[in-house]
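Everything below concerns the one structure shown next.
Note that ligands are numbered from 1 as they come in the structure, with each ligand's atoms numbered from 1 the same way. Throughout, numbering of the chain's residues begins at 1 and tracks the sequence.
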Amino acid sequence: MDTEETDEERAGFTRRQLLAGLAGSTASVATVGTLGYARLDPVDRLEVRVWVSERAAAYDGVAERVREYLEALLSYDYWELDLSVGGTVAVSREDGASVTSDGEWPATLASGAVGLGGVDPVADANLLVTDGQMTTAPTGFALPHVASVGGARHLAALPPFDELEGVRDGGAVHRIVPDERPVRTIQILLHEVGHALGLDHDHGVVFRDGERVVATPMLSSYAWDPDYEGDRSRCGREYPPADGRERALSLAFSTCARRGLESYDGTGL
Ligand SMILES: [Zn+2]
């Protein structure tokens, strides 16, 4: 018995050390990917920080609105959510995808992790919101722990979360909202945060709700994309055909995605 307790304590200590190391050293994907730990325990505290580009910051209240939605949509029993706003960041482009895929946002975070540039990354998800367009994919991009998305003007146009149609009146379970630009943008933002925490598209589902078909954040618009090849989630739930039904969006992660988040172990891989 004594031996077992000792082993558990040691395992917990190792994980805390690792998380502290990740938070304190670097947000770089290469470092995270080469640690070589086989399996870690799920985290019990999730750190998420939101920054806005200088142009995104011109839309009043955008960072606080994003923070409010993430607070509502990332709060689960299995972790304590540590959500913060990092402030305004100067970036050379507003494209919500290429600012990460071309390496600029990851490099800014990596510099910040070693004390350069004034950006202080957190351990789990570091999200940049830009003034990028939201009409032509890709509109956002993510790597483990790193995400970015455009659409600041649409996010600033969101009502307070509790006043959102579909959430206001008993929509607490699926948070089903009409497929309109502002909510589509916050759903894509959630999608990228999900990727940053290790989720993939097949964690998402599409389901029928009366005459509507509803896509959850990780499947998002792939639900209506004829070129998307998946026909079920990785948890085995089949996707019903849209058959011309009205499209709607869920801002709640699917059960399958929530299972993935619950097992998130701090690596995002
Ligand atoms: Zn995606």
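A salt bridge links Asp243 to Arg208: at least one charged side-chain nitrogen sits closer than 4.0 Å to a carboxylate oxygen. Look at Glu68 and Arg65 and you find a salt bridge, because one of the NZ, NE, NH1 or NH2 atoms lies within 4.0 Å of a carboxylate O, short of that distance.
Note on ring orientation: taking the six-membered ring where Trp is involved, the planes of Tyr222 and His201 are tilted (angle from 30° to 60°).
Near-neighbour remark for the Zn ion (ligand 1): protein N, O or S atoms under 2.8 Å are His191 NE2, His195 NE2, His201 NE2; waters not counted.
The CG atom of Asn126 sits 11.0 Å away from atom CG of Leu143, with the distance rounded to the nearest 0.5 Å. Summarising the geometry, atom CG belonging to Asp120 is positioned 10.0 Å from atom CG belonging to Leu109; distances are rounded to the nearest 0.5 Å.
Taking hydrophobic clusters as Ile, Leu, Val, Met, Phe, Trp and Tyr residues chained together by side-chain heavy-atom distances below 4.5 Å, Ile176 shares a cluster with Trp224.
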